[in-house]
Amino acid sequence: MNILIFDSLSKKKKKFIPINKNNVRLYACGPTVYDYAHIGNARMAVVTDLLVRVLKTKFKNVTFVSNITDIDDKIIQASNELKISIKDLTSKFFKIYNDEMLSLNVNLPDIQPKATEYIKDMIIMIEKLIKNKCAYVEKNHVMFDVESYKHYGKLSRRSIQEQLDGARIEIGEYKRNARDFVLWKPSDDNQPGWISPWGRGRPGWHIECSAMSKKCLGTPFDIHCGGVDLTFPHHENEIAQSCSAIQPNAEPGKFCRYWFHNGFVTYNGEKMSKSLGNIKLVNDLLKKYDGETIRLCLISAQYRQPLNWTKDILEQSKTTLNRIYKNSKEIHNERYEFPLPLENEFFLEFLESLYDDLNTPKALGILSKLINLKKNKSNGNDIKLIQAINESLKLLGISKKAKPIKKIYSESIEMLIEERNKARKEKNFDKADEIREKLKSQKIEIEDTQEGTVWKKLD
RNA sequence: GGUGCGGUGGCGGAGAGGCUACGCACCGGCCUGCAAAGCCGUGUACACCGGUUCGAAUCCGGUCCGCACCUCCA
């Protein structure tokens, strides 16, 4: 079976053929760590995590690199506002980011390079760009000369003229051309900076990804991931820099082979933005929902489609997940240690849908079919079905974590339940219902099951 | 204005010329002291207008509407 990936550079779904099948390499533009992660950050992380998981079903070695941007003007600003050092700020939110992603069952990247640890590599790349006459120095700035790269605009499909027409930024004194962008800029005494051949300064926005992907993966590598909004200018500029550093006018394919872009998360049909105040933080959502529930929401639409985050979507996923777990109860209580069941036709059908450009909605549909099939089997225990369901849940990253069940002993609650069960035995149902209502007023919901009465605290 | 992506049943969301996914919700039934859960079952759909075809949600032409990017952004 082939893995198909939609490549945003060629705008085609293409068969995935790695450069080196013994080591598949991919890079994703990671977060700028100055605030809590929002659900859009999480979508990118979950989707690329799933991509890596799927690739690993076919290729033994997959190297996934995703950076952490820990130097940026937004960080400087936040640090000033909050009156804490840049280092304290970035290390705090770096840790929070990783913790939150782990809650969503996102495996950490194999390498998570921090921009500040690769300044030297950025300087080397900038020097190379100057040497190749693709960049120029002007008033302590180093600018990339967009005119020098003939493939500029290929990814975002913008002609030079269009960009000039649409340009709303003023041409800086140090810019020869409106579209030229900063590789290096000077820092004043109050700004963080590093010594460079162009004076004390700091890198521009795009150069870090070019430097780190080259250093950590080597070029060309296989897949470059990120949110659609990064297509322009970030990814366009990355291509220009990375390729020009190899050789003037090098083809985009010299940098990476597939561009993988995930769609946006909107909230009630609008883009999440700070000015609209509709940013949904992962941190807040995790207070009320399991990571698995949030993850299921994020994969309920195919990754390239826009995902509209509404009030109901989480509740719906919660119910769905609940049903999945209830119907695969015994699966979670047993540990199956199979190698990936590639001879299992049920699992293969599921896998095929993911191989088709990560068609998660289809995959979830197949999973439901498998569960229904298992339920309807007279013995209900077909080992192949159980195995397929189990592996499918594991691959999607929504299988229930082996969380220790917190047994919060509450004497009053236990006593009331006992009292109610006694009343039920005596067929004193009025009293039984009274107790149910009483518990409900304390936000305790009870449920009579075959294993006895269980209770849970309502939110 | 330019570029790109879309408009599928009450909602979410696949599919992509005939076999009308799937989930959530609704409704009916079974089960249950009740409730919940579970089980069985029913229904409703492809933005609009033309065309091609024996047959179109799916192809072609046009229209309308939405969203995103072009400025920091996942």
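In what follows, every chain begins at residue 1, and chains take the letters A, B, ... in the order their sequences are listed.
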Exercise. Just how far, in rounded Å, is P of B/rG12 from CG of A/Leu298?
Worked result: 17 Å
Exercise. B/rC5 base to A/Arg304 side chain: any donor-acceptor pair below 3.5 Å?
Worked result: no
Seminar exercise, completed: Ranking B/rA14, B/rG33, B/rA68 by distance to the side chain of A/Gln302, first place goes to B/rA14
Problem set entry | Rounded C1' spacing from B/rG28 to B/rA45 in Å | 22 Å
Problem set entry | Whole-Å distance separating the CG atom of A/Asp35 from the C1' atom of B/rC72 | 14 Å
For this session: Could you tell me whether A/Glu418 atom CD has more than 12 heavy atoms of other residues or ligands within 6.0 Å of it?
Result: no
Seminar exercise, completed: The Watson-Crick or G-U wobble partner of B/rC59, with both key distances under 3.5 Å, is B/rG51
Problem set entry | Sugar-phosphate only, base, or nothing, as touched by A/Ile313 at under 4.0 Å among non-hydrogen atoms | nothing
Problem set entry | Residue of the set A/Asn359, A/Asp357, A/Thr48, A/Asn262 for which side-chain hydrogen bond (donor to acceptor under 3.5 Å, both in side chains) holds with A/Tyr303 | A/Asp357
Exercise. Hey, does A/Lys11 reach any base, or is it just sugar-phosphate, or nothing, if we go heavy atoms under 4.0 Å?
Worked result: sugar-phosphate
Exercise. Looking at B/rG33, does its base get a donor-acceptor pair with the side chain of A/Arg420 below 3.5 Å?
Worked result: yes
Problem set entry | NZ/NE/NH1/NH2 to OD/OE distance under 4.0 Å, A/Asp448 and A/Arg420 | yes
Seminar exercise, completed: Separation of B/rC11 atom P from A/Lys318 atom NZ, nearest Å, is 23 Å
Exercise. Looking only at atom P, what distance separates B/rC5 and B/rC60, rounded to whole Å?
Worked result: 14 Å
Problem set entry | Identified ring-ring contact (aromatic ring centres under 6.0 Å, His included) partner of A/Phe181 from the options A/His234, A/His141, A/His206 | A/His206
Problem set entry | Contact under 4.0 Å: A/Asn308 side-chain N or O vs B/rC67 OP1/OP2 | no
Exercise. Does B/rA37 have a Watson-Crick or wobble mate here (both distances under 3.5 Å), and if so which one?
Worked result: none
For this session: Determine the interatomic distance between C1' on B/rU71 and the same-named atom on B/rC64; round to the nearest Å.
Result: 30 Å
Exercise. So what does A/Lys427 hit on the nucleic acid, given a heavy-atom distance under 4.0 Å: a base, only sugar-phosphate, or nothing?
Worked result: nothing
For this session: May I ask you to say what A/Gly227 touches in the nucleic acid, namely base, sugar-phosphate or nothing, with a heavy-atom cut-off under 4.0 Å?
Result: sugar-phosphate
Exercise. In whole Å, what is the span from the CG atom of A/Asp229 to the P atom of B/rC67?
Worked result: 17 Å
Exercise. For B/rC64, what is the paired nucleotide under Watson-Crick or G-U wobble rules, both distances under 3.5 Å?
Worked result: B/rG7
Exercise. In terms of the nearest nucleotide of RNA chain B, which residue is placed more toward the 5' end: A/Ala432 or A/Glu447?
Worked result: A/Ala432
Seminar exercise, completed: A correct 5'-to-3' footprint of nucleotides 18-32 of chain B, with B, S and - meaning base, sugar-phosphate only and no protein heavy atom under 4.0 Å, is ---BSBSS-------
Problem set entry | Exceeds 12 heavy-atom contacts within 6.0 angstrom, atom NZ of A/Lys185 | yes
Exercise. Side-chain donor-acceptor pair under 3.5 Å between A/Glu391 and A/Asn344, yes or no?
Worked result: no
Problem set entry | Same-atom distance (C1') from B/rA16 to B/rG7, integer angstrom | 15 Å
For this session: With P as the reference atom in both, quote the distance from B/rA35 to B/rU44 in angstrom, rounded to an integer.
Result: 30 Å
Exercise. Looking at A/Asp7 and A/Lys11, does any basic side-chain N land under 4.0 Å from a carboxylate oxygen?
Worked result: no
Problem set entry | Length of the line joining A/Tyr303:OH and B/rA14:P, which is rounded to integer Å | 13 Å
For this session: For nucleotides B/rG17 and B/rG12, find the distance between their P atoms and express it as a whole number of Å.
Result: 25 Å
For this session: Please tell me which of the listed nucleotides, B/rC69, B/rA74, B/rG15, lies nearest to the side chain of A/Asn359?
Result: B/rG15
Exercise. With a distance cut-off below 6.0 Å to the six-membered ring centre and an angular limit of 45° from the axis, does A/Lys12 pair with A/Phe6 as a cation-pi contact?
Worked result: no
Problem set entry | B/rA25 and B/rC59, which share atom name P, separated by this distance in whole Å | 33 Å
Exercise. Contact class for A/Asp448 vs. all strands (heavy atom < 4.0 Å): base, sugar-phosphate, or nothing?
Worked result: base
Exercise. Is there a donor N/O on one and an acceptor N/O on the other, under 3.5 Å, for the side chain of A/His261 and the base of B/rA74?
Worked result: no
Exercise. In the structure shown, which nucleotide is the Watson-Crick or G-U wobble counterpart of B/rU32, with both distances under 3.5 Å?
Worked result: none
Exercise. Any idea which of B/rA74, B/rG4, B/rC34 is nearest the A/Arg424 side chain?
Worked result: B/rC34
For this session: Tell which nucleotide pairs with B/rG17, taking only Watson-Crick or G-U wobble pairs whose two distances are both under 3.5 angstrom.
Result: none
For this session: Let me know the distance between CD1 of A/Ile75 and P of B/rC72, rounded to the nearest Å.
Result: 16 Å
Exercise. Within a strict 4.5 Å, meaning less than it, do heavy atoms of the A/Phe16 and A/Val24 side chains meet?
Worked result: yes
For this session: Specify the separation, in whole Å, of atom CG of A/Leu358 and atom P of B/rG13.
Result: 17 Å
For this session: Spell out yes or no: do the side chain of A/Arg43 and the base of B/rA74 have one donor N/O and one acceptor N/O closer than 3.5 Å?
Result: no
For this session: Before giving the answer on side chain to side chain donor-acceptor pair (under 3.5 Å), spell out for A/Gln112 and A/Asn98 the whole-Å C-alpha distance, their side-chain angles and the decisive distance to 0.1 Å.
Result: CA-CA 10 Å; A/Gln112 208 170 18; A/Asn98 274 356; 2.9 Å; yes
Exercise. According to the Watson-Crick and G-U wobble definitions, with both distances under 3.5 Å, which nucleotide is paired to B/rG12?
Worked result: B/rC22
For this session: Report which part of the nucleic acid A/His234 touches: base, sugar-phosphate, or nothing (heavy-atom distance under 4.0 Å, all strands).
Result: nothing
Exercise. For B/rC69, what is the paired nucleotide under Watson-Crick or G-U wobble rules, both distances under 3.5 Å?
Worked result: B/rG2
Exercise. Whole-Å distance between B/rG13 C1' and A/Gln305 CD?
Worked result: 9 Å
For this session: Please assess A/His235 against A/Trp259 for the test ring pair (Phe, Tyr, Trp, His ring centres under 6.0 Å), listing each intermediate value before the final yes or no.
Result: CA-CA 9 Å; A/His235 292 332; A/Trp259 282 91; 4.8 Å; yes
Exercise. Does the B/rG12 base have a donor-acceptor partner in the side chain of A/Asp312 within less than 3.5 Å?
Worked result: no
Exercise. Roughly how far apart, to the nearest Å, are B/rC26 and B/rG38 at atom P?
Worked result: 12 Å
